[in-house]
Amino acid sequence: MADLFDRFGSLRARRDSLVGDGGHDPFQVEMDEVLSQTEAMICGRHTILAGTNNYLGLTFAPESLKAAHDALDAEGTGTTGSRVANGTYSGHKALEYALSDFLGKDHAIVFSTGYLANLSILSTLVGPDDYILMDADCHASIYDGVRMGDAQIIRFKHNDAADLDKRLARLSKKPGNKLIVIEGIYSMLGDKAPLAEIVAVKKKYEDVYLLSDEAHSLGVLGRYGRGLPEEVGLEDDVDFIVGTFSKSIGTVGGFCVSSHPQFDLLRLACRPYIFTASLPPSVVASAKASLALVESGGALRKRLMRNAEHLHKGLVDIGFILGGDISPVVAVVAPDAETGVSFWRGLMDGGVYVNLALPPATPQNFTLLRCSLCAAHTIEQIDRIIEVFADVADSLGMLPAESGKKAALG
Amino acid sequence: MSAEPSDGASPDVRAAVLEVLQTFNKTDVILKHGTRFTEDLNFDSLLVMEFIAALEDRLDISVPLNVLPDIETVGQLVVAATEIVREEHG
Ligand SMILES: Cc1ncc(COP(=O)(O)O)c(C=O)c1O
């Protein structure tokens with residue numbers, strides 16, 4: 001008899017062959033107890049967290065905790081309603097004003113997650129006669145968003161402005177708006193978009209808009225943490241900025257800002273805005289408090305970058321080959337998924353948690369041991385991470401015995 | 001490929017598709033008009049993406065992701081690619 005789940009046969013086979021041996025499953029990690037922004041008890045072991053996207057460590061910021069507690073007590077555990085029904089409180093509007101003010105755009109819309117922000121905007125903003133030109137390495141939420149909409153979807157080569165230029169040139173005879181979609185910092189390898197080159201290409205053509213997903217760069221890049229556009233001085237050239245509260249803002253939720261005069265119409269058009277409940281008041285309050293801390297967080301950003309440089313240098317020194325941009329996302333490439341799982345388990349046994357990322361969620365089909373750093377990491381913690389990486393690589397025969405030679409990784 | 005249906009497909013595009021596809025074909029299957037990417041060539045979604053990117057380079061075109069779900073066979077791809085070549089370079 002056919003079973004409903006038969007269609008997952010190849011998924012089941014892959015899971016069973018990778019993690020079916022009863023060993024620690026990278027996709028079923030349970031935090032028994034969260035000790036701080038950078039430490040947790042996992043399987044009874046004291047573990048350094050180096051894969052949480054909690055870039056500024058704001059999850060326990062006293063101001064944000066207090067704001068959340070106050071809102072929780074005053075307004076309850078949830079709104080039990082959509083933004084377009086009973087789910088917009090004054091806190092949601094205040095957060096939207098704070099976002100548009102912070103990012104220097106006229107309008108902001110808050111969504112229930114960053115994933116839903118991308119689904120909303122990308123499925124709705126462009127129609128059947130329009131074109132989306134997306135970087136091939138964009139996040140799954142961007143792929144899902146464009147697939148939900150009706151626009152023609154064209155991918156350009158990752159971070160390749162010349163390829164984008166070629167594709168726009170071929171479309172220039174065609175009517176319809178064109179929306180370029182990029183990310184400030186790419187989530188998997190931590191590399192930045194060549195924003196100046198992309199803006200230069202955009203300006204060559206008519207009816208072209210630019211959207212940047214600043215999920216991993218908000219709070220991280222720019223003097224005030226406004227992301228890649230601030231860092232390179234091109235904020236006015238980015239028409240739409242999407243972001244999330246689930247990384248440097250330290251809670252959950254998403255947003256989009258823009259100065260388009262009709263931006264607010266999207267509230268009546270985006271289904272993932274209309275047909276889901278709004279964020280709970282406590283989350284909204286902590287997001288607003290954390291946003292203020294992001295803006296004044298120059299010292300946190302310095303610590304974060306110091307940590308990023310320290311980990312990057314430490315891993316390169318022991319022979320790992322890493323990507324060029326030094327950023328708070330540091331990804332080590334494993335030769336295949338099986339080695340990736342063994343490596344990940346070795347790190348866990350050594351008390352270090354990182355993300356294991358497998359194809360197809362990764363660029364170039366890489367298997368990645370993806371670290372993300374936190375401003376709250378100490379140099380001692382990072383030295384420990386480097387030491388455990390070295391030990392595990394050594395036990396798997398992945399680093400040459402003599403130093404100086406490059407590893408068989410990457 | 002033999003006995004091709006008269007679908008208006010360009011012979012140049014057909015040759016280009018076959019040439020690029022052969023570099024991705026890890027099976028013994030001989031490429032024909034009706035060869036199916038998933039069932040006959042064991043292409044998964046990742047390989048499809050890589051193959052399409054290579055074909056885009058070869059023909060200097062953009063293949064919108066939207067057309068991919070409707071393409072099951074080599075012949076269907078040749079027809080779709082012909083249309084795009086005519087639109088973008090015609
Ligand atoms: C680039 C990018 N966009 C969007 C998201 C989704 O964010 P959220 O966790 O708020 O749904 C993520 C995070 O996973 C991301 O990396």
Side-chain angles (χ1 to χ4, degrees), chain A residues 7 9-11 13-14 122-123 126-138 140 142-158 160 162-176 178-181 337 358-367, chain B residues 9-10 12-14 16-17 19-27 29 35-72 76-90:
Chain A
R7 64 195 218 85
S10 64
L11 180 65
R14 185 150 180 254
L122 295 167
S123 69
V126 273
D129 301 327
D130 301 325
Y131 295 86
I132 285 186
L133 292 109
M134 60 183 286
D135 187 289
D137 279 8
C138 278
I142 294 175
Y143 274 92
D144 291 357
V146 302
R147 287 205 172 103
M148 225 173 101
D150 306 314
Q152 296 295 308
I153 308 154
I154 291 170
R155 305 190 313 162
F156 62 92
K157 291 198 184 116
H158 175 55
D160 189 337
D163 189 53
L164 172 64
D165 193 1
K166 254 192 344 195
R167 291 173 194 269
L168 276 171
R170 294 194 295 247
L171 292 176
S172 59
K173 296 162 254 159
K174 300 201 183 178
K178 286 100 192 175
L179 179 67
I180 304 169
V181 182
L358 299 178
T362 54
Q364 298 164 59
N365 297 349
F366 283 146
T367 294
Chain B
S10 142
D12 290 349
V13 171
R14 175 172 286 126
V17 168
E19 177 196 312
V20 176
L21 184 56
Q22 195 50 54
T23 65
F24 285 85
N25 181 11
K26 302 280 176 282
T27 68
V29 173
T35 305
R36 295 165 303 174
F37 292 101
T38 315
E39 291 84 350
D40 300 329
L41 301 180
N42 294 327
F43 272 34
D44 59 17
S45 57
L46 274 173
L47 204 55
V48 167
M49 288 306 199
E50 282 177 27
F51 163 58
I52 292 295
L55 186 66
E56 289 182 322
D57 278 346
R58 175 71 174 71
L59 291 171
D60 196 27
I61 56 171
S62 295
V63 179
L65 295 193
N66 319 53
V67 307
L68 297 183
D70 295 329
I71 293 174
E72 277 174 36
Q76 288 167 343
L77 178 63
V78 171
V79 172
T82 300
E83 203 174 304
I84 296 169
V85 169
R86 285 189 186 133
E87 272 181 27
E88 295 197 345
H89 298 285

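Quick note: numbers below take in every heavy atom, side chains included, and nothing from hydrogens, waters or symmetry partners. Just so it is clear: chains get the letters A, B, ... in the order the sequence lines come, proteins before strands, and each one is counted from 1.
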Engaged part of B:E50 at the chain A interface, taking heavy atoms whose separation is under 4.5 Å: side chain
Heavy atoms of other groups near B:E88 CD, more than 12 under 6.0 Å: yes
Shortest non-hydrogen contact from A:I154 toward B:P64: CG1-CA, 4.2 Å
Top contributor to chain A interface from B:I52, B:D44, B:D57 [non-hydrogen pairs under 4.5 Å]: B:D57
Atom pair OG (B:S62) and CG (A:L164), whose distance is rounded to the nearest 0.5 Å: 9.5 Å
Distance, nearest 0.5 Å, that separates CD1 of B:I61 from CZ of A:R167: 9.0 Å
A:R170 side chain to B:D60 backbone, donor-acceptor under 3.5 Å: yes
Audit row: A:R155, B:E56, side-chain contact (heavy atoms from CB on, under 4.5 Å) steps and yes/no: CA-CA 10 Å; A:R155 305 190 313 162; B:E56 289 182 322; 5.9 Å; no
Atom of A:I153, atom of B:N66 and distance for their closest heavy-atom approach: N-OD1, 2.7 Å
Structural part of A:A151 lying under 4.5 Å from a heavy atom of chain B: backbone
